[in-house]
Enquirer: 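Structure provided below as structure tokens; questions to follow.
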Amino acid sequence: MSASICAYIMAMAMATGFLSLSCGGTTSFVDSSNLTWVSDGNYVSIGNTATASFVEGTSSSLLPIRFFPNSPGRKCYRLPVRNISSSIIVRTQFVYKNYDGLSKPPAFSVSLGTAISATINLSRTDPWTEEFIWPVNKDILPLCLQSLPDAGFPVISTLEVRPLPEGAYRTGLKDFSDKFLRKSYRINCGCNNVSLRYPMDQYDRIWDADLDFSPIHISPGFEIRSTFNSSSLKETPPAPVLQTARISGKEVLTYNLPLDTLGDYYVVLYFAGILPISPSFDVLINGDVIQSNYTVKMSEVSALFIERKGIKSLDITMKSTRRYPQINAIEVYEIVDIPSESSSTTVSALQVFQQSTGLDLGWDDDPCSPMPWDHIGCEGNSVVSLELSDINLRSISPTFGDLLDLKSLDLHNTSLAGEIQNLGSLQLLEKLNLSFNQLTSFGFDLEDLINLQILDLQSNSLHGIVPDSLGELKDLHLLNLENNQLQGTLPLSLNRESLEVRTSGNLCLSFSSLVCNGLPKNRSIETPEFTIITKKKHNVHNHLAIVLGAVGGAILVLLVVSLSVLFYTRRKRPEVTYTARAQSEMRNWNVAAKLYSHKEIKAATNKFKEVIGRGSFGTVYLGKLPDGKLVAVKVKFDNSQLGADSFMNEVSLLSQIRHQNLVSLEGFCHESKQQILVYEYLPGGSLADNLYGASSKRVTLSWVRRLKIAVDAAKDEKLKRLVYLEGLDYLHNGSDPRIIHRDVKSSNILLDADMNAKVCDFGLSKRVTRADATHVTTVVKGTAGYLDPEYYSTQQLTEKSDVYSFGVVLLELICGREPLRRSGNPDSFNLVLWAKPYLQAGAFQIVDESLNGTFDVESMRKAAIVASRSVERDAPKRPCIAEVLRELKEAYSIQLSFLASSGHLH
């Protein structure tokens, strides 16, 4: 079998990985090279189709094309490359040929992945062909066309993908992972008639004829010895290319190749010993010797790989040292940087947000590169602004909390209602516009936005008073509170020269201590003082005046006293109303807990003296009941009474369920503008405190201690219960009705003095009232970093949502880091996205450094596997909480055995 036939058969086999798209075409066809072309309809979702009259040689034909009129979003093809492990050739052809009759050839840019790869100007060349070598690192490669201002509509006629052999075009390049190659030249030296491509080149590279020169043509009629094998090079140049060469009849052989742009270039020079001689020569690039006395050995194939930086022209010269120099083929590529992608945390958050809203915002691939998505602003590869005005959002999505680089967020006129929430992690936020919505409560997140400069809350339904915490935002210079229902005295901390506060359109809002009617705030009406002046002369008129004055004064005093009594009575009435309302709500919510008065709470906390924590609900104070029992008192500072349902929900849940692994409710207070919960006090703090809190408050958590937070060992060392998980297991399976916690996180795991853990904070929990119900459809609430992505995509809450959140807690225990952070590589910002691939592969280098050398590998492996399964994006792939319980019990048992055998178990 001849070498050419073998090559053809191999090429036919390789062609199965080819993708050839007829852009705008509607039918499949096979061309003269036996390549199958298909319609592009499955790879692009937008664009119009047309035909252009195309003349090639002496024949004319109608060529399908696709063009992209101006429209929002990117105009992108999504190319599947998941089965390709190395690099690919991406080749595109752009044809105008006056298809629209306007005689205005367009100009536009083309991008691959995150990189602008080329600028096309069809007024210079029509058709225009571009070819790139791209390193495959994802399943899908986007190729996008971007309009240029006033330059017409982008247009494309063909798009091809061709796999390359492993390692091809990487020799000599320091790092190809963040670069791609754009073809400048591929010359079949010595061939002066036609271009060569598939099937002679099994990878379908197009080798252009050496038309600009008059070389000596070495024909393929020369004997090619069996040792001649181009596969010795990773690029595997085709034999027909190597069987021709350009040989100078002089001492010097030169190619002068102009370059499009000043840049970095990659040059490949191919040499084949097809003559019964072995010439030697020096190889120079732009006058610099890059290889001295290079020898082309008979019957061998070799190549030089050269990288040159910052050049704008290319001079390739070979100077003879023995016999005449020769060259068989040349490839020249511009080296183009691939911009870094945005963090996977950001991309995931934005795409989940888009999916959960049901909106088509055109958000695919990377949000910043090559061009920012609509509604998004970027600095480098960081999303720093998000503008979603006039979109019906209804609530502030928890996914916004993942956008850690955000500096500006505009959600005005988006139908937001309820409490301002899910923004506390945006530490870099400088501008926040929530105006023209139906927000009713400030919430607690605003006080964490330490870099906030502009806060626009105008035209909402905010009521109550303005919280003092806003005054702690030292960089704030504009606070717009106009057209709300706020009243009372503004915090004095807002009364500073650098801050403009706008308050018009509220009930009564000012820095003055006077209320709207001009009377001093909270001041009772006093009896006016009267002075009766008596004179020595007593005539009738004077006496009458005195009598009338006395009578009038008495009447005035009676009037004032009556008003005072009325005012006092009206002031007292709300307390009776709130007490009655609390008792009524206790009956309606089936609450079986002690009702404390605010006076009792104030005494128990010593006037709210000692703060022991803060949460989404409010501030937590240490208290002491009359019987000496220590309690944790959670106070909600929200005078608007928003969150009353969540408050009574938590009271109801905790008063009805009793379990040793759930924080018990001692009582509550629901007086006038007071919502207070009284819990049992756990001195060990939260798991989050012990992992990330101040070093003075942390307890060193070994691996066995971390497992003990999940698994409680009985005194006889037999596994008896899983402390934290049994609490969840009870909620999911032992409670009637079933309960989904909805806010599982490390700060809601509290530890007692013996490091036993308990579940707390049921303010967001949901009852599953129907025994056969698979989910509860509800507004998305929870904490950024812990939220089940399927839940906030579908708004369908399930027990598997708690499993996901607990999986994040397990990852925290394993890796010793928070779910969201800003330090390190952007891809490590999100704990789940960062840790899961490592743990699935059994790569434990990401385990908390403080645990090194102290854990059994099998114990860690079991915990890592169940943690990875728990945070699967698709809920059906996650284990149930009972299965997680079993696996962690085994992990704990293995670790105990390991410590016992090593003599470290005490």
Side-chain angles (χ1 to χ4, degrees), residues 72-76 109-119 132 134-135 137-138 140-149 174-182 261-264 309-310 334-354 361-388 399-410 423 425-433 449-454 475 784-785 820-831 833-834:
R74 299 176 184 169
K75 294 84 175 175
C76 296
S109 64
V110 178
S111 67
L112 281 174
T114 59
I116 297 292
S117 52
T119 299
F132 314 99
W134 184 267
N137 56 9
K138 289 194 173 183
I140 299 293
L141 174 63
L143 182 145
C144 306
L145 283 64
Q146 283 94 28
S147 301
L148 297 177
K174 294 182 177 64
D175 185 7
F176 193 41
S177 61
D178 61 348
K179 302 180 189 302
F180 72 99
L181 303 177
R182 177 193 177 202
T261 59
L262 173 68
D264 301 339
K309 294 182 178 295
E334 182 184 1
I335 303 171
V336 185
D337 290 329
I338 302 175
S340 299
E341 295 181 344
S342 299
S343 77
S344 52
T345 302
T346 298
V347 176
S348 176
L350 290 170
Q351 291 180 339
V352 168
F353 167 76
Q354 177 180 231
L361 301 173
W363 288 357
D364 294 305
D365 310 308
D366 192 90
C368 291
S369 299
M371 300 288 286
W373 287 341
D374 293 338
H375 308 286
I376 280 175
C378 296
E379 291 179 1
N381 63 346
S382 298
V383 174
V384 296
S385 67
L386 187 59
E387 195 277 313
L388 295 170
T399 58
F400 289 149
D402 287 352
L403 305 177
L404 301 179
D405 295 319
L406 213 58
K407 295 181 180 180
S408 176
L409 178 60
D410 186 351
L423 301 176
S425 61
L426 305 183
Q427 301 289 304
L428 300 182
L429 199 65
E430 298 174 354
K431 299 178 181 179
L432 177 59
N433 188 349
L449 307 181
I450 56 177
N451 287 298
L452 203 60
Q453 298 176 13
I454 297 175
D475 291 335
L820 298 174
R821 70 177 188 185
R822 294 199 69 262
S823 59
N825 187 288
D827 283 335
S828 69
F829 287 178
N830 184 292
L831 175 59
L833 298 177
W834 171 69

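Numbering starts at 1 and runs along the sequence shown.
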Enquirer: Residues in side chain to side chain donor-acceptor pair (under 3.5 Å) with Asp264, at least two apart?
Expert: none

Enquirer: Quick check: do Gln146 and Ser111 have side-chain heavy atoms less than 4.5 Å from each other?
Expert: yes

Enquirer: Quick one: pull up CG in Asn381 and OG in Ser340 and give me the separation to the nearest 0.5 Å.
Expert: 5.5 Å

Enquirer: Distance check, rounded to the nearest 0.5 Å: Lys75 atom NZ versus Leu145 atom CG?
Expert: 9.0 Å

Enquirer: Taking only residues two or more places apart in sequence or in another chain, which ones pass salt bridge (charged side-chain N to carboxylate O under 4.0 Å, His left out) with Lys407?
Expert: Glu379

Enquirer: Check whether any side-chain N or O of Asp475 sits under 3.5 Å from a backbone N or O of Gln453 as a donor-acceptor pair, and report yes or no.
Expert: no

Enquirer: At their closest point, which heavy atom of Asn451 faces which heavy atom of Gln427, and how far apart are they?
Expert: ND2-O, 2.7 Å

Enquirer: Can you tell me how far the CD atom of Glu430 sits from the CG atom of Leu406, to the nearest 0.5 Å?
Expert: 10.0 Å

Enquirer: Flag the pair Trp134 / Leu143 as yes when at least one side-chain heavy-atom distance between them is below 4.5 Å, and no otherwise.
Expert: no

Enquirer: How close do Leu452 and Lys431 get, counting heavy atoms only, and between which atoms?
Expert: CD1-N, 4.0 Å

Enquirer: Side chains of Thr119 and Leu148: closer than 4.5 Å at any heavy-atom pair?
Expert: yes

Enquirer: Is the shortest side-chain heavy-atom distance between Phe400 and Leu386 below 4.5 Å?
Expert: yes

Enquirer: Give, for atom CG of Asp402 and atom OG1 of Thr346, the distance between the pair rounded to the nearest 0.5 Å.
Expert: 8.0 Å

Enquirer: Is there side-chain contact between Leu403 and Leu350, with at least one heavy-atom pair below 4.5 Å?
Expert: yes

Enquirer: Mind listing the closest non-hydrogen atom pair of Pro370 and Ala115 along with its distance?
Expert: CB-C, 4.2 Å

Enquirer: State whether the side chain of Ser425 and the backbone N or O of Gly401 hold a donor-acceptor pair below 3.5 Å, judged by distance alone.
Expert: yes

Enquirer: Find out whether Leu404 and Leu820 are in side-chain contact, i.e. whether some heavy atom of one side chain is under 4.5 Å from a heavy atom of the other.
Expert: yes

Enquirer: Once you round to the nearest 0.5 Å, how far does CD1 of Ile338 lie from NZ of Lys179?
Expert: 9.0 Å

Enquirer: Calculate, to the nearest 0.5 Å, the distance between atoms CG and CG belonging to Asp337 and Asp178 respectively.
Expert: 6.5 Å

Enquirer: What is the minimum heavy-atom distance between Gly113 and Leu141, and which atoms define it?
Expert: N-CD1, 3.7 Å

Enquirer: Just jot down the side-chain contact (heavy atoms from CB on, under 4.5 Å) partners of Ser385, sequence neighbours excluded, or say none.
Expert: Ser408

Enquirer: Are the side chains of Pro135 and Asn137 in contact, using a 4.5 Å heavy-atom criterion?
Expert: no

Enquirer: Evaluate side-chain contact (heavy atoms from CB on, under 4.5 Å) for Val383 paired with Cys368, printing each intermediate quantity in order.
Expert: CA-CA 7 Å; Val383 174; Cys368 291; 3.8 Å; yes

Enquirer: Which of these, Asp410, Leu409, Leu426, sits in a side-chain contact (heavy atoms from CB on, under 4.5 Å) with Leu432?
Expert: Leu409

